[in-house]
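Report on one structure; see the data block that follows.
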Amino acid sequence: MRKQHKQNISVKRVKRADGTVRENYYFRKMVDGVEVYVPIKAKPDTPEFDRIYWAIRSGRHTAPQVRTTYMSLIESYMRSSAYLTKADSTRKKYRSYIKIIQRKNAEKDYRKTRRRDIMAIHAALADTP
């Protein structure tokens, strides 16, 4: 018989190299028309799991800060020697493109960007310099 979980809970089973299976639990919710999975870092059937579950469900839980946003990547690049050693005119030109990326993608997670998405953008802009 299938184990019953609380409402809006998803389970992802991950097989480890040693053959064991780990289960990760997530709370599914809609944010601005997009389905978001909030990880629950506790074992099910524990008071800690229930506390986190009800905090997320009632809106009191804050999601952990994502460190892999485009904004953090941009800030890191602009502090790097790869950027700082470029000529002023080159940095000025780069900043104009960086601002476009910032405006569109600042809070998005860059790990979710797929190669095929980049290739589609590249193909769409192939006729422009």
Side-chain angles (χ1 to χ4, degrees):
M1 186 169 149
R2 188 172 179 175
K3 187 175 179 181
Q4 296 295 317
H5 297 288
K6 291 180 169 62
Q7 188 177 10
N8 297 341
I9 294 293
S10 288
V11 181
K12 180 179 179 186
R13 289 173 180 78
V14 179
K15 188 173 182 179
R16 294 181 173 171
D18 63 359
T20 59
V21 177
R22 178 180 177 172
E23 292 183 337
N24 296 324
Y25 292 86
Y26 300 90
F27 185 89
R28 289 186 325 275
K29 66 180 183 175
M30 295 297 285
V31 177
D32 298 328
V34 177
E35 191 170 48
V36 175
Y37 290 80
V38 180
I40 299 178
K41 303 283 185 185
K43 294 187 180 200
D45 302 327
T46 62
E48 179 67 10
F49 186 92
D50 289 338
R51 186 188 64 72
I52 295 169
Y53 172 83
W54 287 107
I56 294 169
R57 187 159 175 158
S58 65
R60 291 178 288 134
H61 182 267
T62 56
Q65 185 66 30
V66 178
R67 287 182 261 165
T68 55
T69 62
Y70 276 97
M71 191 64 205
S72 64
L73 188 65
I74 289 167
E75 289 171 352
S76 173
Y77 175 69
M78 292 182 85
R79 285 190 309 262
S80 73
S81 63
Y83 177 77
L84 294 173
T85 57
K86 297 201 181 303
D88 289 337
S89 60
T90 304
R91 282 189 284 167
K92 183 178 179 182
K93 189 186 297 183
Y94 280 22
R95 273 195 302 271
S96 66
Y97 292 110
I98 288 171
K99 285 181 184 179
I100 293 169
I101 293 170
Q102 249 179 322
R103 211 172 321 127
K104 292 182 178 181
N105 300 311
E107 298 304 317
K108 293 181 182 175
D109 188 351
Y110 63 78
R111 296 175 302 171
K112 295 181 181 176
T113 304
R114 298 176 299 205
R115 186 174 191 275
R116 67 178 173 204
D117 299 333
I118 300 298
M119 296 304 286
I121 293 168
H122 188 263
L125 300 173
D127 296 337
T128 61

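Values below: every heavy atom of this structure, side chains too, minus hydrogens, waters and symmetry copies. Just so we're clear, the structure is a prediction, and the values are computed from it rather than from any experiment.
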Student check: side-chain heavy atoms of V21 and V14 closer than 4.5 Å: no

Salt-bridge present (R111, D109; N to O < 4.0 Å): yes

Atom pair NZ (K99) and NZ (K104), whose distance is rounded to the nearest 0.5 Å: 15.5 Å

K108 charged N/C atom sitting above Y70 aromatic ring, 6.0 Å / 45°: no

Trace of the side chain to side chain donor-acceptor pair (under 3.5 Å) decision for S72 with Y110: CA-CA 10 Å; S72 64; Y110 63 78; 5.7 Å; no

4.5 Å side-chain heavy-atom contact, K12 and R22: no

Same apolar cluster (I L V M F W Y, side chains within < 4.5 Å links), F49/Y26: no

Y77 OH: over 12 foreign heavy atoms closer than 6.0 Å: yes

Flag side-chain contact, heavy atom, 4.5 Å: M71 against N105: no

D127, CG: over 12 other non-hydrogen atoms inside 6.0 angstrom: no

Separation between CD of Q102 and CD1 of I100, rounded to the nearest 0.5 Å: 11.0 Å

Co-membership, hydrophobic cluster, residues L84 and L73, 4.5 Å side-chain: yes

N/O donor-acceptor pair under 3.5 Å between S58 side chain and W54 backbone: yes

Residue among K93, K86, K92 satisfying side-chain contact (heavy atoms from CB on, under 4.5 Å) with T90: K86

Heavy-atom side-chain proximity of Y25 to P39 below 4.5 angstrom: no

Pair M78-R95, side chain to side chain contact (heavy atoms under 4.5 Å, CB included): steps then yes or no: CA-CA 9 Å; M78 292 182 85; R95 273 195 302 271; 3.8 Å; yes

SB check R28 E35 (cutoff 4.0 Å): yes

Exam field: side chain T85 to backbone S81, donor-acceptor pair closer than 3.5 Å: yes

F27/Y53 aromatic ring centres below 6.0 Å: yes

Pair D50-K6, side chain to side chain contact (heavy atoms under 4.5 Å, CB included): steps then yes or no: CA-CA 9 Å; D50 289 338; K6 291 180 169 62; 2.6 Å; yes

Joint hydrophobic cluster, V38 plus V11, side-chain heavy atoms closer than 4.5 Å: yes

Euclidean distance, T46 OG1 relative to R51 CZ, rounded to 0.5 Å: 10.0 Å

Stepwise side chain to side chain contact (heavy atoms under 4.5 Å, CB included) test for Y37 and S10: CA-CA 8 Å; Y37 290 80; S10 288; 3.6 Å; yes

Within-4.5 Å side-chain heavy-atom neighbours: H61 and I52: yes

Joint cluster assignment, I74 & Y94, ILVMFWY side-chain distance < 4.5 Å: yes

